[in-house]
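Structure first, then comments.
Naming: A, B, ... by sequence-line order, numbering from 1 per chain.
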Amino acid sequence: MNSFKTSKIDRRLFITTATGATLFAGVGGLNQLLASTEQELVALVHTQAAGDSGPIDSMIAQLNQLSDEKEFEKKAIYAQDAATFETVFRTLGDAGTSIIVSTFPVISESVKAVAPEYPNTKWIQLFGDPVDPPIQNLVTVSYDYYLGCYLSGVFAAKVSKTDKIGFIGGISIPPINADFNALKAGVHSVNPDAEVKAAFAGSFQDPAKGYEIATQMYLDGIDYIQTDAGGTDGGIIQAANETPGRMVSALSPAQYPLGPASVISIVNLDFGQSLYNEVSSALNPGWSGGAHVSTGIGTGVIEFERSPLFMEQGPTEIVQASEQAWSDIMTAREDIIDGTINVPFITSI
Amino acid sequence: MIEFHEFLVAILRSGTPLIYAALAGVIVHRSGVWHLGLEGIMIIGACVTIIGIVLTNSFIIAILSAIIICIIVSILQWFVIEKLKANQIIVGLGITGIGIGGTAFAVESIFGSLAAISAPFGIPRIGDTFGPYSGLSVLVFIMPFAVFSLWVLLLRSRFGLRLAAAGEHPFAARSVGANPSIMRLIAFCVGGLFCALAGAELAAGSLQIFAQNMVAGRGFMGFAAVIFGGGHPVGSAFAAMFFSIVSVVGIRMQIHFGNFVSHDLLLCLPYIATVLGIWITARAKGRTNSASQISELRVQ
């Protein structure tokens, strides 16, 4: 009986000790790995998985490029679980990380909680709102995507034959509503009589709904749709591909090949470039935190661009119209940058 | 404004996956189990169809692969419920999680990216002889026959009688020589077939795309159609079609009245219709008849 009891205690002790030793070794190893470097360490903490052929891959690629150029150590860490955000930040802070870049909004509260504890670390929150009161070692960055949508509206008014423009968003939330209102303002700045209609798929990952909405818009005579719907865009482009003359303005250069003769343009938001700009700035000894950066067009982060594939393979008449319109688009772009044009930021529909 | 035919095409296009999902739910429901794994098995069907087309360049191989894998997952669901005596609702939700997570894992493993996958072609279309309906896939054309066949199978055949007995009174079914466990296994396998068709139609019917979590609740709406339709194949098909009509009308209203009515409210229409439909059904019947079935399954 006694030997059985002893054996049971031993087993428990063994399991507890082994688990503790493993955890200790794991955490210690991570700390040691992070602390062992002699170069500055820049860490990217991202809350969406890599391999998206989109923002995360773009940010990692730009971090790698900047690391090669400026010769610093870099780490990209995927923080999947909100419960671990603060632990990840503290581990990086304890390891003496010079710059921590985090994204997206879901992680911003953890940044605000931990950043003051590590005043020697520079913190950059991509896609974050201004912090009040400011935290002296934290810079937040927001994106004025709606300015690109305004240019898309100006372009749409000039290339549309039917004077009917559509907008398909993922979910009706304030920033996406602002994108629609900016598109509408852009259209009406050229043609006040043009119709601009919006619809939402209710999801950023429902291409079937996107297809259905786009098909109905095109059947109603709309010939230019601005998308703002993430993974739903695939269905919208598919609907545009079914009949020549249907145009889509999408979100990413990766979407050009999905509709060589239908994706006419994109309102591009280059998160990788944004990371590059902000980390370059933070590497400068004169960097000061406690600020909010509002990134718009003209920074290389947000741009309205024509599809080179469409210019080669699109309907000749539309390609010609877009070429004629392009100088006006560039003029409007400059006017936005220098403040001549003030695009309204309206977050309700 | 769009014409009547185009409106009907839109209803058929968005309603067909729901109807196939509802048929899967109906046959499993008749066997005495609530099929809450429709969402998960549908997305597996969608994923395998698109990956199959991309990798083999053959629609036939792709759809057969989807059917086989969906049937295997259905058998897994049956095994856990029937043999391991797990709670059927939890298992159904677990299958949904496996479907959503497993397809993301499969896509990343095969293509090294979580981005949406585009196939070079989809399900064959029914052809120009059908005029405005020519853009619909052959699965839309087959759908009414599938509904009729299931109606015959469930309500006009010896098998259907035994299946209903297995679902409603397992002990009585056993007394006449029908093994309720085997009857449920067959029901799950047929359900797997229909789920594969639902997923294939969603991803490759009009689209040729697979995106993560693209089923977006349609499996649960298919399940709701089963309840709304009283577990009857024709009734459930009409219920699914009703949800589709509401969805298409919601899109039309967004386009035309979006400036006056909240987009969020209009987007909610199919779900409001679902809740109302189930409530009306429950009122009409005076009760829901499935709770007792769960307890009967447990006490076997």
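No other option in A:Gly202, A:Ala201, A:Pro207, A:Gly166 has as many heavy-atom pairs under 4.5 Å with chain B as A:Pro207. The candidate from B:Ser206, B:Gly205, B:Ala216, B:Ala211 with the greatest count of non-hydrogen atom pairs under 4.5 Å with chain A is B:Ser206.
The structure places CE of B:Met214 at 13.0 Å from NZ of A:Lys209, a figure rounded to the nearest 0.5 Å. To the nearest 0.5 Å, atoms CD1 (A:Ile168) and CD (B:Gln254) are separated by 9.5 Å. Put simply, CZ on A:Phe204 and CD on B:Gln212 are 15.0 Å apart, with the number rounded to the nearest 0.5 Å. Note that the OG1 atom of A:Thr232 and the CD1 atom of B:Ile209 stand 10.0 Å from one another [nearest 0.5 Å]. B:Glu3 CD to A:Leu219 CG: the interatomic distance, rounded to the nearest 0.5 Å, is 9.0 Å.
The two residues A:Ala199 and B:Ile255 have their closest heavy-atom pair at CB-CG1, 4.4 Å.
Identified by a heavy-atom distance below 4.5 Å to chain B, the contributing residues of residues 233-244 of chain A are A:Gly234, A:Gly235, A:Gln238, A:Glu242, in residue-number order.
No more than 12 heavy atoms of other residues, nucleotides or ligands shown are found within 6.0 angstrom of CZ on B:Phe105. Taking a 6.0 Å sphere around CZ of B:Phe257, one finds it holds 12 or fewer heavy atoms contributed by other residues, nucleotides or ligands. For A:Asp68, the CG atom counts as densely surrounded, since its 6.0 Å shell holds more than 12 non-hydrogen atoms of other residues, nucleotides or ligands. When the shell of 6.0 Å around CZ of B:Phe141 is examined, it contains 12 or fewer heavy atoms from other residues, nucleotides or ligands. Around the CZ atom of B:Phe111, the shell of radius 6.0 Å holds more than 12 heavy atoms that belong to other residues, nucleotides or ligands.
Heavy atoms closer than 4.5 Å to chain B are found in both the backbone and the side chain of A:Ile213. Heavy atoms closer than 4.5 Å to chain A are found in the side chain of B:Asp264, but not in its backbone. Interface remark: B:Val215 contributes no atoms to any contact with chain A (heavy atom separation under 4.5 Å). Proximity to chain A (any heavy atom under 4.5 Å) is shown, for B:Ser262, by neither the backbone nor the side chain. When heavy atoms are compared at a cutoff of 4.5 Å, B:Leu267 approaches chain A solely by way of its side chain, counted from C-beta outward.
The only option from A:Phe200, A:Phe180, A:Phe167 that meets the ring-ring contact (aromatic ring centres under 6.0 Å, His included) definition with B:His263 turns out to be A:Phe200.
By the 4.5 Å heavy-atom criterion applied to side chains, B:Ile251 and A:Met217 are not counted as neighbours.
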Could you please spell out the steps behind the side chain to side chain contact (heavy atoms under 4.5 Å, CB included) verdict for B:Glu6 and A:Gln216?
CA-CA 9 Å; B:Glu6 287 160 347; A:Gln216 294 202 35; over 6 Å; no
